[in-house]
Amino acid sequence: MNALYIEGTSSTPTISCDVETGTLSMAGDSYPENSFEFFNDVIEWVSDFLDQLDKPLNLELKLIYMNTSSVKAMMDIFDLLEAAHLKGRAVSVNWYYDPRNERVIELAEEFKEDCTFSFMIIPDEK
């Protein structure tokens, strides 16, 4: 299993998937031309990580804006995490947000409502 890195652009987040630390991090805006295509490798990486390795997986998110199709892709990732959690896997999300951006707080809270695994929404005071 390999690490995955996708350089961010003005419309896509920087994504880093680290096998050694079990960390998937995403930072930036997410409104790619084709969200399904953009997130396909990330969803596949998460699925493979959960299937092939027996270690915790932590998502570190610093997402600023997400369009509807990016939200759907993120829901697919959270569904994978939820299924793994229900089978006893250690998975977690730390979603960092700018306290001035109420839309991101609301979005993170909506995601959290559907998850039974550890899901922290943390103000990023930087």
Side-chain angles (χ1 to χ4, degrees):
M1 169 139 209
N2 294 319
L4 174 66
Y5 181 79
I6 301 170
E7 184 71 38
T9 68
S10 61
S11 63
T12 61
T14 297
I15 299 175
S16 175
C17 304
D18 188 324
V19 176
E20 294 304 314
T21 64
T23 303
L24 185 161
S25 61
M26 293 187 209
D29 287 325
S30 185
Y31 53 96
E33 194 75 25
N34 183 334
S35 291
F36 176 76
E37 185 177 301
F38 178 78
F39 281 102
N40 188 54
D41 288 344
V42 178
I43 293 169
E44 187 174 302
W45 187 92
V46 169
S47 180
D48 289 348
F49 184 96
L50 293 170
D51 287 345
Q52 297 174 18
L53 302 174
D54 188 26
K55 59 167 65 172
L57 179 59
N58 181 51
L59 270 64
E60 297 283 329
L61 306 177
K62 292 185 180 181
L63 297 168
I64 300 163
Y65 170 80
M66 297 177 72
N67 66 2
T68 304
S69 56
S70 293
V71 168
K72 170 64 174 114
M74 190 62 65
M75 287 171 53
D76 291 345
I77 292 170
F78 288 156
D79 286 347
L80 290 171
L81 296 179
E82 183 68 18
H85 171 71
L86 294 174
K87 292 178 183 175
R89 283 294 292 276
V91 297
S92 63
V93 170
N94 291 322
W95 192 318
Y96 299 90
Y97 68 91
D98 181 337
R100 298 167 294 179
N101 188 341
E102 292 181 20
R103 291 178 63 178
V104 172
I105 299 166
E106 291 170 4
L107 179 61
E109 288 174 347
E110 287 178 29
F111 278 123
K112 183 177 180 175
E113 288 176 6
D114 295 330
C115 301
T116 62
F117 53 83
S118 174
F119 194 123
M120 303 297 293
I121 303 171
I122 305 163
D124 189 359
E125 302 294 344
K126 293 179 187 176

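Values reported hereafter were calculated over all heavy atoms of this structure, with side chains retained and with hydrogens, waters and symmetry mates removed. Predicted model only: the values in this text are computed from it and were never measured.
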Which pairs would a plain distance check flag for residues 103-112, meaning a side-chain donor or acceptor within less than 3.5 Å of a matching protein atom at least two apart in sequence or in another chain?
from, atom 1, to, atom 2, distance (Å)
Lys112, NZ, Phe119, O, 3.2

Quiz item: Passes side chain to side chain contact (heavy atoms under 4.5 Å, CB included), Glu82 versus Thr116? Steps please.
Solution: CA-CA 7 Å; Glu82 183 68 18; Thr116 62; 2.6 Å; yes

Quiz item: Quick one: does Glu7's side chain have a donor or acceptor within less than 3.5 Å of a partner on Thr14's backbone?
Solution: no

Quiz prompt | Linked, directly or transitively: Tyr5 and Leu59 (ILVMFWY side chains, under 4.5 Å) | solution = no

Quiz item: Under 4.5 Å between side-chain heavy atoms, hopping through other hydrophobics if needed: is there a path connecting Ile64 to Phe38?
Solution: no

If I take atom [atom1] from residue [X] and atom [atom2] from residue [Y], how far apart are they, to the nearest 0.5 angstrom?
X	Y	atom1	atom2	answer
Ile121	Leu61	CD1	CG	10.5 Å
Ser30	Met74	OG	CE	6.5 Å
Asp29	Ser10	CG	OG	8.0 Å
Lys62	Asp124	NZ	CG	4.5 Å
Thr12	Glu33	OG1	CD	11.5 Å
Ile15	Ser25	CD1	OG	8.5 Å

Self-check item: Whichever hydrophobic residues join Tyr96 through chains of side-chain contacts under 4.5 Å
Solution: Met120, Ile122

Quiz item: What's in the same ILVMFWY side-chain cluster as Tyr65, cut-off under 4.5 Å, chained through other members?
Solution: Tyr31

Quiz prompt | Any side-chain donor near an acceptor of the partner, Ser118 and Ser92, under 3.5 Å | solution = no

Exercise. Check side-chain contact (heavy atoms from CB on, under 4.5 Å) between Thr68 and all other residues, then give those that pass, not counting sequence neighbours.
Key: none

For [X] versus [Y], what's the shortest heavy-atom pair and its separation?
X	Y	value
Phe117	Val93	CE1-CG2, 3.6 Å
Pro123	Tyr97	N-CE2, 3.4 Å
Ser35	Asn67	OG-OD1, 3.7 Å

Quiz item: According to the salt bridge (charged side-chain N to carboxylate O under 4.0 Å, His left out) rule, which pairs have a member within residues 67-79, sequence neighbours left out?
Solution: Lys72-Asp76

Practice problem: Please test Met26 against Ile77 for side chain to side chain contact (heavy atoms under 4.5 Å, CB included), starting from the C-alpha separation and ending with a verdict. | Solution: CA-CA 12 Å; Met26 293 187 209; Ile77 292 170; 3.8 Å; yes

Identify all side-chain donor-acceptor contacts of residues 39-57 below 3.5 Å with residues at least two apart in sequence or on another chain.
from, atom 1, to, atom 2, distance (Å)
Trp45, NE1, Asn2, O, 2.8
Lys55, NZ, Val19, O, 3.1
Lys55, NZ, Glu20, O, 3.2

Exercise. Step through the shown structure and confirm whether more than 12 heavy atoms of other residues, nucleotides or ligands are within 6.0 Å of CZ on Phe36.
Key: no

